[in-house]
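One structure is given here, and the rest of the page talks about it.
Chain A is the first sequence line, chain B the second, and so forth, proteins listed ahead of strands; every chain is numbered from 1. Quantities reported herein were computed from a predicted structural model and do not represent experimental measurements. Hydrogens, waters and symmetry mates play no part in the numbers below; they use all other heavy atoms, side chains included.
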2 protein chains.
Amino acid sequence: MLFKLYLSAMAFQKERSAGYLANQMARLFAKGLHERIRPLGLAPAQFMTLLPLWDEDGISQSELVRRLDVEQATMANTLTRMERDGLIERRANPGDGRSQAIHLTPKAKALRDPATVAARAQNEAALADFSEDERQAFLALMRRAIASMHKD
Amino acid sequence: MLFKLYLSAMAFQKERSAGYLANQMARLFAKGLHERIRPLGLAPAQFMTLLPLWDEDGISQSELVRRLDVEQATMANTLTRMERDGLIERRANPGDGRSQAIHLTPKAKALRDPATVAARAQNEAALADFSEDERQAFLALMRRAIASMHKD
DNA sequence: AGAGCTTGAATAGCATGCTATGCAATGATA
DNA sequence: TATCATTGCATAGCATGCTATTCAAGCTCT
């Protein structure tokens, strides 16, 4: 197997790299979603942060970090921008002086339907020519890759 | 089909959203790659930018933009950081006073092998439990989603 | 030649993410 | 109870990306 000796010198083809394609795909998803929800005054990370809050208002920042799997500092900054934009309020948590309860404003509550519709439309645009089986397979493969990288 | 009427009000489940999974997957790829190439003094976007340059030294910024599909402003900033880090030089292009030829330093040329090995290792970590067929299918599905979003 | 369009880059400003720190409120334990 | 560890957040600093703007160099066309 002589070719194995030359593996490290072989051209690294980005079109065949899962990481390269994942980056490009994620940027296109974010860009497309941003265009669709910009009229609502939302940015992608704000939409993502609203998802758990629409289901359960008043959870803490640390709970959001757990559910969305981003770093605490990232969430703190996103919440600051959402507060600035009138989407959330940080209220003192009576039970624990360290944590704050994140509450949605009426404005944020009203965005649930249109924002959800926009996000579904973006997913549909990406998977337009996928069959139902292909969609399920694609989601399953992404979940496995995520789980595999999470192990480290 | 009454349920259709309630589609917009249905919970948007992030685990079933291709865009959400793509974002999470891309972040994990970038984080893992960054850890692996940090000892080389490289960041992910710098590695990506080196790929076309290792194949063809001296191309222009606009050519890099075309090959890597990022915005011109993004590339300009990445190149500024790479110049700062001693990876590239911007030289005047004799044929066209507007463009500059991007040339690799010996330091950048020497990083080709170890950086390529690191990137392959990250892809392998993500796809560790994928069969060869699954890997090919995964890459093909990502390329199709990218192409579909590119149409807009 | 001169006006106007096109192209290649830089810069400003902002959103997302990450790591590293620092700090205050809790909790656990000797 | 005094000390130490843990937990919840904020902030600083930086890398990537994007849009919008500006500027200079080339090109076109009359």
Side-chain angles (χ1 to χ4, degrees), chain A residues 19-20 22-38 41-49 59-66 68-85 87-88 90-102 149, chain B residues 19-20 22-38 41-49 59-66 68-85 87-88 90-102 149:
Chain A
Y20 179 86
N23 172 275
Q24 200 179 347
M25 183 171 67
R27 284 191 288 118
L28 287 168
F29 264 115
K31 191 175 174 179
L33 177 62
H34 201 164
E35 280 169 19
R36 291 172 197 273
I37 61 181
R38 182 173 291 129
L42 284 181
Q46 294 181 345
F47 169 71
M48 185 178 81
T49 302
I59 58 181
S60 66
Q61 181 184 131
S62 58
E63 182 59 26
L64 284 169
V65 165
R66 265 187 289 280
L68 295 178
D69 197 33
V70 294
E71 292 301 318
Q72 174 266 321
T74 298
M75 183 52 67
N77 286 326
T78 296
L79 289 174
T80 295
R81 285 188 295 272
M82 292 175 77
E83 198 169 29
R84 175 202 64 190
D85 296 345
L87 295 167
I88 59 152
R90 285 160 152 140
R91 296 190 202 154
N93 182 331
D96 190 327
R98 293 167 299 182
S99 75
Q100 297 174 311
I102 310 298
M149 287 188 281
Chain B
Y20 180 86
N23 172 275
Q24 199 178 349
M25 182 170 68
R27 285 191 288 118
L28 287 168
F29 264 115
K31 191 174 175 181
L33 177 62
H34 203 163
E35 280 169 18
R36 290 172 198 273
I37 62 181
R38 183 173 290 130
L42 285 180
Q46 294 182 345
F47 170 71
M48 186 178 80
T49 303
I59 59 181
S60 66
Q61 180 183 131
S62 58
E63 182 59 27
L64 284 170
V65 164
R66 266 188 287 280
L68 296 179
D69 197 34
V70 294
E71 293 300 318
Q72 175 266 320
T74 299
M75 182 53 67
N77 286 326
T78 297
L79 289 174
T80 296
R81 285 188 295 273
M82 292 175 77
E83 198 169 28
R84 176 202 65 190
D85 296 345
L87 295 167
I88 59 153
R90 285 159 152 142
R91 296 189 201 154
N93 182 330
D96 190 327
R98 293 167 299 183
S99 75
Q100 297 173 312
I102 310 297
M149 287 188 280

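Within 4.0 Å of Ser99(B), counting heavy atoms only, lie sugar-phosphate atoms of the nucleic acid but no base atom. Here Ala45(A) lies in heavy-atom contact (under 4.0 Å) with sugar-phosphate atoms only. Across all strands, Ser60(A) comes closer than 4.0 Å only to sugar-phosphate atoms, never to a base (heavy-atom distances). Counting non-hydrogen atoms under 4.0 angstrom, Arg38(A) reaches nothing in the nucleic acid. Here Gln61(B) lies in heavy-atom contact (under 4.0 Å) with sugar-phosphate atoms only.
Among the nucleotides dA25(C), dT16(C), dA10(D), the one closest to the side chain of Pro44(A) is dT16(C). Candidate nucleotides dC18(C), dG8(D), dA15(C) were compared by shortest atom distance to the side chain of Arg81(A), and dA15(C) ranks first. The listed nucleotides are dA15(D), dC18(D), dT16(C); the one nearest the side chain of Ala43(B) is dA15(D). With dT16(C), dG26(D), dC18(D) as the choices, the nucleotide that has an atom nearest any side-chain atom of Thr74(B) turns out to be dC18(D). Distances from the side chain of Gln100(A) to the nucleotides dG17(C), dA10(C), dA10(D) place dA10(D) closest. Here the side chain of Ser62(A) is nearest to one of dG8(D), dG17(C), dA25(D), namely dG8(D). Taking only side-chain atoms of Met48(A), from C-beta outward, the nucleotide of dG17(D), dT7(C), dG17(C) with the closest atom is dG17(C). Picking from dT7(C), dT19(C), dA10(C) the nucleotide with the shortest atom distance to the side chain of Arg90(B) gives dA10(C). For Asn23(B), counting side-chain heavy atoms from C-beta on, the closest listed nucleotide (dA25(C), dG17(C), dT16(D)) is dG17(C).
When each of Arg84(A) and Pro94(A) is assigned the nucleotide of DNA chain C with its nearest heavy atom, Arg84(A) is the one assigned upstream, toward the 5' end. DNA chain D is contacted by both Thr80(A) and Asp96(A); Asp96(A) maps to the nucleotide lying nearer its 5′ end (nearest heavy atom per residue). With the nearest nucleotide of DNA chain C identified for both Val70(A) and Arg98(A), Val70(A) has the one nearer the 5' end.
Residues Thr49(B) and Ile88(B) fail the side-chain proximity criterion, which asks for heavy atoms closer than 4.5 Å. Under the 4.5 Å side-chain criterion, counting only non-hydrogen atoms from C-beta, Leu64(B) is in contact with Leu79(B). Residues Thr80(A) and Arg90(A) have side chains in contact (heavy-atom distance under 4.5 Å, counting atoms from C-beta outward).
Residue Glu71(B) contributes atom CD, which lies 18 Å from atom P of dA15(C) at whole-angstrom precision. Going from atom CG of Asn77(B) over to atom C1' of dC14(C) covers 12 Å, rounded to whole Å. Following rounding to the nearest Å, Ile59(A) (CD1) and dC9(D) (C1') show an atom-to-atom distance of 16 Å.
Between the base of dA10(D) and the side chain of Gln72(A) there is a donor-acceptor pair shorter than 3.5 Å.
Contacts with DNA chain D (heavy atom under 4.0 Å) in residues 27-37 of chain A: Arg27(A), Lys31(A), listed by number.
Between Glu63(B) and Arg66(B) there is a salt bridge, since a side-chain N of the basic residue sits under 4.0 Å from a carboxylate O of the acidic one.
The main-chain N or O of Arg98(A) is found under 3.5 Å from a side-chain atom of Asp96(A) such that the two form a donor-acceptor pair. Arg81(B) places no side-chain N or O within donor-acceptor distance of the main-chain N or O of Ala43(B), the cut-off being under 3.5 Å.
Inspection of the Gln61(B) and Gln72(B) side chains reveals an N or O donor paired with an N or O acceptor under 3.5 Å.
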